[in-house]
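The chain is numbered in sequence order, starting from 1.
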Amino acid sequence: MSEDTDLAALVPEWVDWAEAASQLGVTVAKVRTMIRDHELAAAVPRPGEGQQVPAAFIQDGLPVKGLPGLLTILHDGHFDDRECIAWLFTDDDLPGRPIDALRENRGSEVKRRAQAMSL
């Protein structure tokens, strides 16, 4: 994944930090902390826009189960947030996209692949 990956084309729906905070029931400052601590990831989807969080990262008022651990694995492998988001939304023969597997509670294979990439 490169810096010029078109995240706007990969990720169908984004929420700004205020909307993420509302969905999570926390403050915008807490969303900032969650991004810094790799509980969530954020990027600028289109030039001129502020950082946003993929809407699919939030499920039932919480970060998707397994997402924080997966983001930590990817960051340990020197991925930045843009690269993490691109990887999670790219259909890589799982079947389906890694984010869909996480949302459907099929995260173990996603984590295994992330660990293999991060070595």
Side-chain angles (χ1 to χ4, degrees):
M1 304 291 159
S2 68
E3 184 64 31
D4 59 353
T5 299
D6 185 358
L7 292 181
L10 275 179
V11 181
E13 187 180 351
W14 296 82
V15 294
D16 63 24
W17 290 16
E19 179 57 28
S22 174
Q23 289 183 24
L24 293 164
V26 299
T27 64
V28 172
K30 176 64 175 168
V31 169
R32 181 179 293 113
T33 300
M34 293 172 81
I35 292 165
R36 185 191 68 222
D37 293 345
H38 309 310
E39 294 174 53
L40 292 172
V44 176
R46 289 171 204 81
E49 293 185 357
Q51 277 200 337
Q52 297 182 41
V53 175
F57 283 4
I58 301 169
Q59 187 174 35
D60 302 326
L62 297 167
V64 170
K65 182 179 178 208
L67 180 65
L70 184 65
L71 290 173
T72 297
I73 291 168
L74 292 172
H75 280 282
D76 287 350
H78 305 290
F79 276 55
D80 63 22
D81 273 7
R82 285 186 66 80
E83 292 165 327
C84 290
I85 293 167
W87 185 79
L88 279 159
F89 282 88
T90 300
D91 188 341
D92 212 15
D93 72 341
L94 254 172
R97 305 173 306 175
I99 187 59
D100 297 325
L102 287 179
R103 290 179 62 85
E104 295 163 7
N105 208 16
R106 298 183 290 117
S108 54
E109 176 64 11
V110 173
K111 241 179 212 155
R112 189 191 66 71
R113 288 181 188 215
Q115 285 170 328
M117 284 182 355
S118 293
L119 294 177

Quick check: do Glu13 and Pro54 have side-chain heavy atoms less than 4.5 Å from each other? no
Using a 4.5 Å cut-off on heavy atoms from C-beta on, say whether the side chain of Trp87 contacts that of Arg97. no
Carefully, step by step, assess Gln23 and Val15 under the rule side chain to side chain contact (heavy atoms under 4.5 Å, CB included). CA-CA 10 Å; Gln23 289 183 24; Val15 294; 3.7 Å; yes
Are Asp100 and Arg103 close enough for a salt bridge, meaning some N to O gap below 4.0 Å? no
Under 4.5 Å between any side-chain heavy atoms of Ile73 and Lys111, yes or no? yes
Okay, side chain of Asp6, backbone of Ala8: is any donor-acceptor separation there less than 3.5 Å? yes
Could you check if a side-chain atom of Cys84 sits within less than 4.5 angstrom of a side-chain atom of His75, using non-hydrogen atoms only? yes
Side-chain touch Ile99/Val110, heavy atoms, less than 4.5 angstrom: no
Quick check against the 3.5 Å criterion: does Arg32 have a side-chain atom that pairs as donor or acceptor with the backbone of Trp17? no
Do Phe89 and Leu7 come within less than 4.5 Å of each other through their side chains, counting heavy atoms only? no
Counting N and O atoms only, with roles assigned by atom type, does the side chain of Ser22 sit under 3.5 Å from a partner on the main chain of Ala18, one being a donor and the other an acceptor? no
Under 3.5 Å: donor-acceptor pair, side chain of Glu83, backbone of Asp80: yes
May I ask you to decide if Ala42's main-chain N or O and Asp81's side chain share a donor-acceptor pair within less than 3.5 Å? yes
Under 4.5 Å between any side-chain heavy atoms of Met117 and Phe79, yes or no? yes
Answer whether the closest heavy-atom distance between the side chains of Leu102 and Leu88 falls below 4.5 Å. yes
List the atom of Val31, the atom of Ala20, and the distance in Å for their closest heavy-atom pair. CG2-C, 4.1 Å
